[in-house]
Amino acid sequence: MISKESGLIVKTDILCNVLRTVMDTTADDVLPIVYLLANRIAPAHEGLELGIGEASVINVLAEAYGRTKVGHRKLYNQLGDWGLVAKACRSSQSMMSKPNALTVTKVFNTFQLIAKELRKDSQEKKKNHIKGLLVAASDCEPLYLIRLLQANLRIGLAKQTLLAALGQAALYAHSTPPPNIQSPLEEAVKIVKKAYSVFPVYDKIVPALLSGGVWNPRLHRHAIFGDVSVSDMCRTMEPIHYIDNGSVEIYSRNAERNTGKFPDVVSEVKRLKKSSVRSFVLDCELVAYNREEQKILPFQNLYSSFEEETGYFQFATAITSNDLDKIQEFLDTAVLLFNCEGLIIKTLTKDATYEPAKRSLHWLKLKKDYMENLGDSLDLVPFAAFHGKGKRTGVYGAFLLACYDSTNGEYQSICKLGTGFSEADLEDRSASLNSEVISGPKYYQYDDSVKPAPDVWFKPKEVWEVKAAGLTISPNHCAAVGIVDADKGVSLRFPRLTAVTALTALLCR
DNA sequence: AGCGCCTAATC
DNA sequence: ATCGCAT
DNA sequence: ATGCGATGATTAGGCGCT
């Protein structure tokens with residue numbers, strides 16, 4: 001029902017009703033349902049992952065539902081979704097007897113077992129867990145089992161809508177009358193989203209909602225912090241933490257623990273922090289740095305808390321200005337002189353606080369390639385394509401592009417491209433290139449060890465204008481091989497289509 | 001021990 | 001990361 | 001403006017095979 005509906009309000013409504021029903025009947029199922037909908041199996045900081053990808057899915061489908069892998073692949077190219085393949089195979093299988101019903105909790109528990117299979121024979125054991133589920137599945141269950149295993153439910157409902165529905169369901173389900181608030185529904189959603197942004201652990205949020213409703217003080221910031229250990233709390237935030245007891249922890253934006261990856265940062269933070277500072281959470285970015293070069297300019301806040309030391313711990317440079325020309329000049333300097341990607345622009349007039357995972361106009365990214373005259377724009381030739389998946393089923397989902405090397409008179413692969421076209425563009429390009437299909441990569445310098453291999457090859461026909469954030473040395477592409485590196489080529493960072501410029505009538509010869 | 005495949009993660 | 005679509 | 005789901009280059013680390 002949710003996947004057929006396009007509006008988020010109605011999707012939220014449907015899920016809200018599901019959750020209310022479950023809260024009222026089998027409340028223990030709420031947490032597993034939430035985890036499955038969130039495509040997670042544990043809080044991010046626990047580092048527990050399914051470890052199941054497309055290759056595993058292909059293998060297990062072949063074993064559980066017969067047919068050959070080639071047969072499955074063919075079906076997949078038509079359907080664009082391994083879940084749909086599973087469903088199709090299952091429904092064409094004769095069923096000896098009606099299997100025992102799968103429950104949400106059984107599925108979620110099995111997913112946890114899969115995630116916990118490690119080391120020797122883990123792949124085989126994971127596969128057997130999945131086979132058990134697939135054999136017990138009927139109707140639409142194989143479809144959703146496979147999509148859940150791939151962490152992509154594809155029903156147009158993700159975390160934000162899940163949190164909203166949770167808040168609304170908890171509001172309706174609890175008997176306590178709402179406090180004197182204008183719009184209780186909106187407020188309930190805000191509270192749950194805020195609780196999640198402060199402490200993204202469903203194991204705490206869901207029980208709190210179930211036992212005390214949305215107005216439960218346990219959902220508020222300070223209460224949450226009081227309710228959990230300091231180390232648990234710090235594990236959910238980002239990215240450098242210094243705790244009273246002298247320990248340093250580093251986390252990614254998605255709460256992955258990265259402390260072990262930066263032992264040098266840990267030791268420098270400990271060394272350079274002043275003894276008067278007892279604890280902090282520092283939002284920052286780590287960059288590689290050439291210590292022979294240098295440039296520092298001060299910016300308030302942080303300065304009273306840290307010793308600056310060139311090459312070890314430096315503050316970012318900044319200007320404060322309303323003047324467009326000055327900002328432009330600063331951007332040019334940053335990009336052209338220091339090889340920076342661009343600037344972050346911050347409002348100083350409003351109370352411009354930073355909230356993790358929340359977009360706002362307080363902080364804006366200004367990158368060189370957002371601008372017409374800066375950034376890299378290239379004329380490239382699409383020479384192969386990949387069948388689209390999901391909403392791109394039936395058209396190509398991505399293309400392999402080449403640049404033309406006039407010195408050698410050859411086309412060299414430079415990047416794949418899968419964004420920038422409208423749905424109509426995609427149909428038009430697919431149709432146009434389909435008139436020039438050839439059997440293999442005969443005009444091109446192309447590394448066939450790079451997987452997956454394209455599905456279809458084309459004669460050179462069109463020239464596309466592609467914008468990128470920059471060039472990278474590539475082990476996977478052939479552009480300029482031997483020039484930038486003995487056996488590495490060049491590829492593009494964040495490539496996207498900006499225009500279809502011409503037919504390559506001349507280059508074809 | 002070394003290598004290739006795969007997955008999950010960053011941007 | 002970028003981008004387009006639906007709301 | 002927001003949420004979602006198509007898609008990009010690249011890397012690290014786990015697992016299993018030789």
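Residue numbers start from 1 in every chain, and the chains themselves are labelled A, B, ... in the order their sequence lines are given, proteins ahead of strands.
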Please list all pairs meeting salt bridge (charged side-chain N to carboxylate O under 4.0 Å, His left out) that have one or both residues in residues 419-428 of chain A, counting only residues at least two apart or in different chains.
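Checked against salt bridge (charged side-chain N to carboxylate O under 4.0 Å, His left out) - neighbours excluded - no pair reaches residues 419-428 of chain A.
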In 5'-to-3' order, the base (B), backbone-only (S) or no-contact (-) status of each nucleotide in nucleotides 10-18 of chain D, using a 4.0 angstrom heavy-atom cut-off, is S----SS--
Ring centre gap for A:Y444 and A:Y411 strictly below 6.0 Å
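Yes, the ring centres sit under 6.0 Å apart.
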A:F111: partners by ring-ring contact (aromatic ring centres under 6.0 Å, His included), with sequence neighbours left out:
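Here no residue qualifies.
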OP1 or OP2 of B:dT7 under 4.0 Å from side-chain N/O of A:S56:
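For A:S56, the contact criterion (side-chain N or O under 4.0 Å from OP1 or OP2 of B:dT7) is met.
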Can you find a side-chain donor-acceptor pair between A:Y35 and A:D203 that sits under 3.5 Å?
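There is such a pair between these side chains.
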Any donor-acceptor N or O pair under 3.5 Å, side chains A:N434, A:Y396
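The criterion, which ignores hydrogens and geometry beyond distance, is satisfied for A:Y396 and A:N434.
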Check for me whether A:K416 meets the cation-pi criterion with A:F399, that is, NZ or CZ under 6.0 Å from the six-membered ring centre and within 45 degrees of the ring axis.
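A:K416 over A:F399 ring: no.
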So what does A:I155 touch, heavy atoms closer than 4.0 Å: a base, only the sugar-phosphate, or nothing?
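Sugar-phosphate contact only.
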Would you kindly give the CD1-to-P distance between A:I9 and C:dA6, to the nearest whole Å?
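Checked: the CD1 to P distance equals 17 Å.
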Upstream residue (5' side of DNA chain D) when A:L8 and A:F494 are each assigned their closest nucleotide
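Looking at the nearest nucleotide for each, A:L8 comes out on the 5' side.
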Does A:T419 make a side-chain donor-acceptor contact with the base of D:dT7, cut-off 3.5 Å?
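Side chain to base: no pair present.
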